[in-house]
Amino acid sequence: MKNNHMDDDCGVDTPENFDAALLLLFNKRQKVALIVDNNGWEKAEGFIRQLDAHRLVLEGGATIDLPAIVAVNGIFKRGCTCC
C-alpha cells in the first residue's frame, strides 16, 4: 500500500543541524544545494565563500543564516516535514 502522508519525515539519517556537513563542503570547495526557510522555502546553490558559526555567504553574495537551512544536498534537517 502506498503511503501518501504529507507530514512524513523526509530524511533517513537526519541531522539536528548542518554544521559538520557545511564545514566539509566548504573545506573541499564543493558546490552546495540548499533549501532555506525564509518565510517559505527557497532554493540556493553555489560554492560557500565564507562560513562562520551563524551564517554562510555563497560566492554569488547571498547571505544565509544557518538556522534557516532546511536541507543540504538533499538531506533534510530532523523534524522537517515534506510538503
Side-chain angles (χ1 to χ4, degrees):
M1 182 173 192
K2 187 174 181 184
N3 183 349
N4 288 321
H5 297 285
M6 296 300 284
D7 61 348
D8 286 346
D9 204 5
C10 295
V12 175
D13 185 20
T14 56
E16 297 267 345
N17 62 54
F18 297 107
D19 297 349
L22 291 169
L23 183 60
L24 182 66
L25 292 163
F26 174 67
N27 287 334
K28 289 189 169 192
R29 299 275 310 137
Q30 293 181 339
K31 190 174 183 179
V32 296
L34 308 172
I35 297 177
V36 180
D37 188 353
N38 200 10
N39 293 320
W41 287 8
E42 300 174 357
K43 289 185 194 179
E45 62 182 303
F47 294 93
I48 301 171
R49 182 173 68 196
Q50 290 178 281
L51 177 65
D52 65 33
H54 306 288
R55 68 191 54 81
L56 64 80
V57 179
L58 296 176
E59 283 192 341
T63 300
I64 299 167
D65 291 332
L66 298 185
I69 299 174
V70 175
V72 174
N73 292 352
I75 305 297
F76 283 78
K77 185 187 289 188
R78 181 173 293 143
C80 171
T81 56
C82 296
C83 300

From [X] atom [atom1] to [Y] atom [atom2], the distance as rounded to the nearest 0.5 Å:
X   : Y   : atom1 : atom2 : result
I64 : D37 : CD1   : CG    : 12.5 Å
L58 : E45 : CG    : CD    : 9.5 Å
L22 : N17 : CG    : CG    : 8.5 Å
I48 : N27 : CD1   : CG    : 9.0 Å

Mark yes or no for whether K77, through its side chain, and A68, through its backbone, hold a donor-acceptor pair below 3.5 Å.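 Checking the backbone N and O of A68 against the side chain of K77, no donor-acceptor pair under 3.5 Å is found.
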How would you list, by chain and number, every residue that makes a salt bridge (Lys or Arg N to Asp or Glu O under 4.0 Å) with D65, sequence neighbours excluded?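 Listed in chain order: R55.
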How would you list, by chain and number, every residue that makes a salt bridge (Lys or Arg N to Asp or Glu O under 4.0 Å) with E59, sequence neighbours excluded?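 Testing E59 for salt bridge (Lys or Arg N to Asp or Glu O under 4.0 Å), a comparison that skips the adjacent residues, returns R29.
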Mind checking whether F47 and L34 sit in one hydrophobic cluster, side chains of I, L, V, M, F, W, Y counted as touching below 4.5 Å?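 F47 and L34: separate clusters.
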When clusters are formed by joining ILVMFWY residues with side-chain heavy atoms under 4.5 Å apart, either directly or through shared neighbours, do V57 and L51 land in the same one?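 No, separate clusters.
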Could I get the full list of side chain to side chain contact (heavy atoms under 4.5 Å, CB included) partners for L24, not counting sequence neighbours?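 Applying side chain to side chain contact (heavy atoms under 4.5 Å, CB included) to L24 gives K28.
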Closest approach of A71 and F18, non-hydrogen atoms and distance?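 Between these two residues, the closest heavy atoms are CA-CZ, 3.8 Å.
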Within the structure provided, determine whether I69 and L56 are in side-chain contact (heavy-atom separation under 4.5 Å).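 With C-beta onward as the side chain, the pair touches.
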